[in-house]
Amino acid sequence: MTLETVVAAARGDIPADLLLVNGQIINVFSGRITAGHIAVKDGYVVGIGDYDAKKVTDLAGRYVSPGFIDAHVHIESAMVSVAEFSRAVVARGTTTVIADPHEIANVLGCAGIQYMLRSAADQPMDCLFTLPSCVPATAMETAGARLKAADLEPFFQHPRIVGLGEMMNYPGVVFKDPDVMDKLALARRLGRPMDGHAPGLSGRLLSAYAATGISSDHECTRPDEATEKLEAGICIMVREGTAARNLDDLFPVISPDTWPRMMWCTDDRHPHDILSKGHIDAMIRKAVKKGLDPITAIRMATLCPATHFGLGDVGAIAPGKKANFVVFSRLDDIRPEMVFFRGHPQAEDGRLLPHVTRPAEIPIPTSIHLSSSALDFSIPAVSPRIRVIRALDNQVVTDCDIMDTAIRAGMAESDVSRDLIKLAVVERYTGHHGIGKGFVTGLGLKHGAICSSVAHDSHNIIVAGATDAEMKTAVDQVIRMKGGLCVVSGETILTALPLPIAGLMSDQPMEQVEVQMERLLLAAKKLGTPLSDVFMTLSFLALPVIPALKLTDRGLVDVEKFTVVPLFQ
């Protein structure tokens, strides 16, 4: 679109491509709803009112809002390719995502970022990215790459890059780690927003974090935490993922004074939640049901993230904005009935339209370089007491318990009667077969093992099991699949999901992945777990930047002290 064309179309000198008539237009700038028509030319809104157009679509009095924006998401957590993710969420009204590819970057480094950027082309929505700031997330784990500021700098020239991704290494910020400082200084010099990640940070440490210019946080779990961060100048991204759901807890913080600096995000959301519950649309519905004004809920899904990231051409229905629209019938139960992206219909009633094509997949190298025959999960018992990770349902945080060691023949073993399950993280990149060993409670396994190559953020292979033999069988299956998830009982693979794209994503449609995930979760339930999504919980047990106790290939990490600690007390 040229400026001359848009001015001519806005003046009515040339016909629009599309005129949406008889809509109830939600204006996120004024907060008003006005009856009218929307004229579109070359994928952009050129005017509100009566225009000549090549095509007219009657909205029959339905509401029309800007397309929804996910302010922070890891596409990899949906376990499908960019193409399949886009197809799923655009049908639910999301027309723009701000994705942080730090999962695949921790696996493949710059090649992973390049893969995501190339995959984002020719999709039925805008996939924008922040550059991963923490590869690896800490020095207490082995990742597939190490990215410094100099590695990131060339990517800032790409039009899909809108900022620096979540700075998970908050101790590195407040204690002035040189590598962290270099990345923040780079983003500041280029005038790009910097996303944050600082669970529980408060007081002077929060002041130190905010003083760098980091301008958002999606890790708040309590109203007082969110309020303190808002008052420190940090925007709050309210998260509803699969493992971490914070809308209920943070809802009291949303007010006429705070909503302009708050927005919705999904962060990490599994296929079954996207397909059965929705995406950003589900968050809007939930907030409205809890009593939030629908226009405010829509503003937090459109205008707020667009403003935060400096996206001048999305987030509103107004001249010069991209013609990204969501059409629906009820304000009290917003369900997308039509979705437009750049003026073209993409979905109706939650289903993608037949003309929306699927781009060809882009080749990607393997990232698993290990043999299960070299693995040893045994743990000699050196003390009657051990540190144990306590997993919490629907949370990415954990607790730290001290429990009696289950000792048999001089070895520390699982004790299913006490829900004491052996846990291991196996390094998959170098071929050195490094392994961290520990124990977890809260998974509830009575027998068998579960295993995954999705283990935030370095994505080494994580396995939990009742016996060493079952753990080894599970890891061997993940290796054979070149990444994925599996459930094992004895020597039998009960079910598995291959994730051949970096060990993180499937190349199959999301609906098929959901079916396979349901089989995995059902099989895990049969092993005894009470958790709603044990694989999502498992994947965060290796993340050493979220309290309190985690396990990496280097060993147990006390996140609050930010140091590796011994298993035995």
Side-chain angles (χ1 to χ4, degrees), residues 1 5-6 9 14-23 37-46 51-60 62-70 75 78 80-97 99 116-128 159-160 271 274-276 278-281 302 313-314 317 321-329 334-362 505-515:
M1 181 188 70
T5 299
V6 72
I14 59 175
D17 297 327
L18 172 70
L19 188 68
L20 299 178
V21 301
N22 299 324
H37 315 319
I38 305 169
V40 176
K41 180 68 175 179
D42 291 344
Y44 287 79
V45 177
V46 292
Y51 282 84
D52 291 331
K54 299 173 185 177
K55 181 180 179 181
V56 176
T57 298
D58 191 346
L59 299 183
R62 289 179 290 180
Y63 298 98
V64 55
S65 88
F68 304 144
I69 302 172
D70 190 336
I75 292 174
V80 292
S81 66
V82 173
E84 296 301 335
F85 173 84
S86 299
R87 292 165 67 84
V89 302
V90 76
R92 288 152 180 83
T94 301
T95 57
T96 304
V97 298
M116 297 298 277
L117 288 170
R118 290 174 62 198
S119 298
D122 301 320
Q123 300 297 347
M125 60 175 294
D126 278 330
C127 294
L128 307 177
R160 292 189 186 275
I274 293 174
L275 295 178
S276 66
H279 196 238
I280 296 300
D281 61 315
T302 56
D313 58 359
V314 296
I317 300 175
K321 306 294 184 182
K322 288 180 181 175
N324 301 343
F325 311 130
V326 182
V327 178
F328 51 91
S329 294
I334 295 172
R335 296 183 183 274
E337 296 167 11
M338 299 178 69
V339 182
F340 292 81
F341 175 63
R342 299 193 183 184
H344 297 285
Q346 304 295 322
E348 289 186 4
D349 298 323
R351 295 181 181 275
L352 210 66
L353 292 172
H355 71 264
V356 181
T357 59
R358 181 185 286 107
E361 270 301 313
I362 297 169
M505 296 177 280
S506 170
D507 54 4
Q508 301 301 307
M510 187 178 286
E511 291 79 4
Q512 183 172 331
V513 174
E514 181 196 25
V515 170

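As a basis for the values below, the full set of heavy atoms in this structure was taken, side chains included, without hydrogen atoms, waters or symmetry mates.
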>> Taking side-chain contact (heavy atoms from CB on, under 4.5 Å) as the criterion, tell me which of V356, V82, V80 meets it with R87.
In response: V356

Measure the shortest side-chain to side-chain distance between [X] and [Y] over non-hydrogen atoms and say whether it is less than 4.5 angstrom.
X: S329; Y: E337; answer: yes
X: S81; Y: S119; answer: no
X: L353; Y: E348; answer: yes
X: L275; Y: R92; answer: yes
X: I334; Y: D281; answer: no
X: I69; Y: I280; answer: no
X: L18; Y: L20; answer: yes
X: L19; Y: V40; answer: no

Just verifying a value: how many Å separate [X] [atom1] and [Y] [atom2], rounded to the nearest 0.5 Å?
X: F340; Y: N324; atom1: CZ; atom2: CG; answer: 11.0 Å
X: L352; Y: R358; atom1: CG; atom2: CZ; answer: 9.0 Å
X: H344; Y: F325; atom1: NE2; atom2: CZ; answer: 11.5 Å
X: M338; Y: L59; atom1: CE; atom2: CG; answer: 6.5 Å
X: N22; Y: D58; atom1: CG; atom2: CG; answer: 4.5 Å

Of all heavy-atom pairs between [X] and [Y], which one has the smallest distance, and what is that distance?
X: A91; Y: A347; value: CA-CB, 3.6 Å
X: A88; Y: I274; value: CB-CG2, 4.3 Å
X: A78; Y: M510; value: CB-CE, 4.0 Å
X: Q123; Y: P359; value: NE2-CG, 3.8 Å
X: Y51; Y: A9; value: CE2-O, 3.3 Å

> Please walk me through it: do V64 and I317 pass side chain to side chain contact (heavy atoms under 4.5 Å, CB included)?
Replying inline: CA-CA 9 Å; V64 55; I317 300 175; 4.0 Å; yes

> How far apart are the C-alpha atoms of T96 and L128, what are their side-chain angles, what is the distance that settles it, and do they pass the side chain to side chain contact (heavy atoms under 4.5 Å, CB included) test?
Replying inline: CA-CA 7 Å; T96 304; L128 307 177; 4.0 Å; yes

May I ask you to say whether [X] pairs ionically with [Y], meaning some side-chain N is under 4.0 Å from a carboxylate O?
X: K322; Y: D313; value: yes
X: K41; Y: D17; value: yes
X: D126; Y: R342; value: yes

>> I'd like to know whether T302 forms a side chain to side chain contact (heavy atoms under 4.5 Å, CB included) with F68, so could you lay out the CA-CA distance, the side-chain angles of the two residues, the decisive distance to 0.1 Å, and finally the verdict.
In response: CA-CA 5 Å; T302 56; F68 304 144; 4.2 Å; yes

> When the ring planes of F328 and Y63 are compared, do they come out parallel, tilted or perpendicular, using 30° and 60° as the limits?
Replying inline: parallel

> Should V339 and T95 be marked as a side chain to side chain contact (heavy atoms under 4.5 Å, CB included) after you check the CA-CA gap, both sets of side-chain angles, and the distance that decides it?
Replying inline: CA-CA 8 Å; V339 182; T95 57; 3.9 Å; yes

> If you count the non-hydrogen atoms of other residues, nucleotides and ligands that lie under 6.0 Å from CG in D122, is the total more than 12?
Replying inline: no

> For the side chain of R160 and the backbone of C127, is there at least one donor-acceptor N/O pair under 3.5 Å apart?
Replying inline: yes

